[in-house]
There are 2 protein chains.
Amino acid sequence: MGTPQGPGGLPLARVAPRPVLAPPSPRVGEIIAVAREVLEKEGAAALTMRRLGELLGIRAPSLYKHLAGKSQLEVRLVDAALVEVGDLLHGVVDRADAASVLGDLLAAYRAHARAHPNLYRLVTSGPMRRDQLTAGVEDWAGEPFYRATGEPYLAQALWAAAHGTVILELDGRYLPGSDLDRTWAALTAAFSRPVDGA
Amino acid sequence: MGTPQGPGGLPLARVAPRPVLAPPSPRVGEIIAVAREVLEKEGAAALTMRRLGELLGIRAPSLYKHLAGKSQLEVRLVDAALVEVGDLLHGVVDRADAASVLGDLLAAYRAHARAHPNLYRLVTSGPMRRDQLTAGVEDWAGEPFYRATGEPYLAQALWAAAHGTVILELDGRYLPGSDLDRTWAALTAAFSRPVDGA
DNA sequence: CGGATTGGCTAACACTGTTAGCCTCATTTC
DNA sequence: GAAATGAGGCTAACAGTGTTAGCCAATCCG
């Protein structure tokens with residue numbers, strides 16, 4: 001009974017297809033893997049071309065034999081991260097029922113961001129170069145919010161609210177001493193009752 | 001009238017005092033003013049020490065006779081911006097009544113961020129150096145959300161949701177063709193009915 | 001008058017992403 | 001087998017960043 005879809009009964013079924021990323025060459029795959037490790041373990045400031053070269057045993061300029069530049073490397077990381085988070089959230093929605101789907105989704109979103117804070121920041125901060133992203137990857141990552149709400153703009157608002165709540169948490173922007181579980185509970189409650197205005 | 005506070009009737013009265021920023025020396029005030037202009041009109045990437053010096057008629061190293069560094073300059077900008085947005089939002093709440101306060105607050109927050117996107121990003125992105133900020137400035141800027149909701153954690157969730165919704169708008173992260181007025185309407189609606197769970 | 005302080009300057013350092021040009025080695029092609 | 005080609009490394013260098021050190025003129029104050 002994974003995904004019931006009774007009249008008005010969420011969660012909805014999947015619609016967006018899971019995107020397939022263009023498989024990188026072995027060396028490029030290696031570079032991306034190292035880049036992700038550096039980003040996650042050492043932070044965004046450590047993600048430099050020279051640091052990557054160091055870990056790969058080559059000099060920074062040699063990286064340009066494989067990649068057009070640092071921004072392209074970042075796009076690859078974002079691409080993969082969006083597919084991953086989409087997989088995670090779709091799985092959560094698959095396993096949830098109407099009563100708990102919204103809370104489960106928000107909890108999973110928060111947990112994922114806290115487990116990969118630097119990757120999360122890379123994915124969500126700054127303007128997005130859509131043309132460089134693999135097609136459909138944003139739809140894939142965002143659809144779980146639609147499946148959980150049943151209305152596109154409510155889904156967008158929920159995603160945005162979740163993002164705001166978690167990015168402020170990652171950056172330590174709440175007043176010291178705040179019990180963030182209660183903040184998340186308040187957010188969940190706000191979106192948990194039927195909303196007419198759309 | 002201005003701020004009724006009947007039992008359960010929002011908006012609440014002000015509590016946090018309006019912070020007073022330490023007045024900078026004339027030259028420092030000039031630097032801050034130029035910095036803000038560069039940031040707002042030319043973007044964060046143009047906010048460099050050399051660019052500031054250029055506009056002030058001096059060389060970059062001379063700026064260090066007045067400021068400890070770029071990050072301190074940024075803190076000054078954030079300080080002033082937080083007081084400003086606090087003034088704005090408190091004024092909105094002052095003028096609103098219980099029925100419309102939430103919508104008015106969110107609309108004002110959104111409008112202000114869109115009018116000063118680069119300043120908004122500076123204020124809200126990255127970790128905050130609380131020790132450098134003027135005391136009480138965060139409380140001042142955040143209190144309108146408490147006045148509009150009457151519950152601290154709901155206020156935090158509302159602020160976080162507003163931030164998420166507007167920062168994604170500024171960075172153009174919504175799917176192309178989205179009617180963001182509807183997204184904001186959905187957000188407003190979600191927070192507009194009484195919430196028990198806290 | 002004589003220090004002391006203020007506020008400018010140049011030179012330089014360490015770091016960033018990135019380009020140009022060279023060279024070696026493996027592979028493919030005649 | 002020889003020759004050409006391309007992949008993938010290298011060093012040197014450039015323009016840009018924040019920042020420090022050290023020098024120097026002017027101004028202020030006792």
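The chains referred to below are lettered A, B, ... by the order of the sequence lines, with proteins before strands, and numbering in each begins at 1. The figures here come from the full heavy-atom set of this structure, side chains too, leaving out hydrogens, waters and symmetry mates.
- Rounded to whole Å, the distance from OH on Y64(B) to C1' on dC13(C) is 13 Å.
- Atoms NZ (K65(A)) and P (dC23(C)) sit 13 Å apart, rounded to a whole Å.
- Backbone-only contact: K70(A) has heavy atoms under 4.0 Å from sugar-phosphate atoms and none from a base.
- Using a 4.5 Å heavy-atom threshold, the side chains of K70(A) and L63(A) count as separate.
- Within the structure, a side-chain polar atom (N or O) of R27(B) is placed less than 4.0 Å from OP1 or OP2 of dG8(C).
- On the nucleic acid side, DNA chain D contacts chain B at distances under 4.0 Å to non-hydrogen atoms, with the end points of that region at dT17(D) to dT20(D).
- Looking at L89(B) and E143(B), their side chains never come closer than 4.5 Å, going by heavy atoms from C-beta outward.
- L73(A) comes within 4.0 angstrom of nothing in the nucleic acid, heavy atoms only.
- The separation between L56(B) atom CG and dG7(C) atom P is 13 Å, rounded to whole Å.
- If you measure from atom CZ of R51(A) to atom P of dG17(C), you get 13 Å, rounded to the nearest angstrom.
- A salt bridge does not link E138(B) to R173(A): none of the charged nitrogens lies less than 4.0 Å from a carboxylate oxygen.
- Summarising the geometry, the separation between CZ on R50(A) and P on dC15(C) is reported as 10 Å, rounded to the nearest angstrom.
- I167(A) has its side chain within reach of R121(A): a pair of non-hydrogen atoms, C-beta onward, lies under 4.5 Å apart.
- E37(B) has its side chain out of reach of L55(B): every pair of non-hydrogen atoms, C-beta onward, lies at least 4.5 Å apart.
- L52(A) places its CG atom 12 Å from the P atom of dT18(C), with the value rounded to the nearest Å.
- Residue contacts for L47(B): at a heavy-atom cut-off of 4.0 Å it reaches the sugar-phosphate backbone alone, with no base atom in range.
- At distances below 3.5 Å, at least one donor-acceptor pair connects side-chain atoms of Y174(B) with backbone N or O atoms of T165(B).
- In the displayed structure, R59(A) atom CZ is contacted under 6.0 Å by at most 12 heavy atoms of other residues, nucleotides or ligands.
- Counting non-hydrogen atoms under 4.0 angstrom, T48(A) reaches the backbone sugars and phosphates but no base.
- Remark: C1' of dG8(C) and CD1 of I31(B) are 12 Å apart, rounded to the nearest angstrom.
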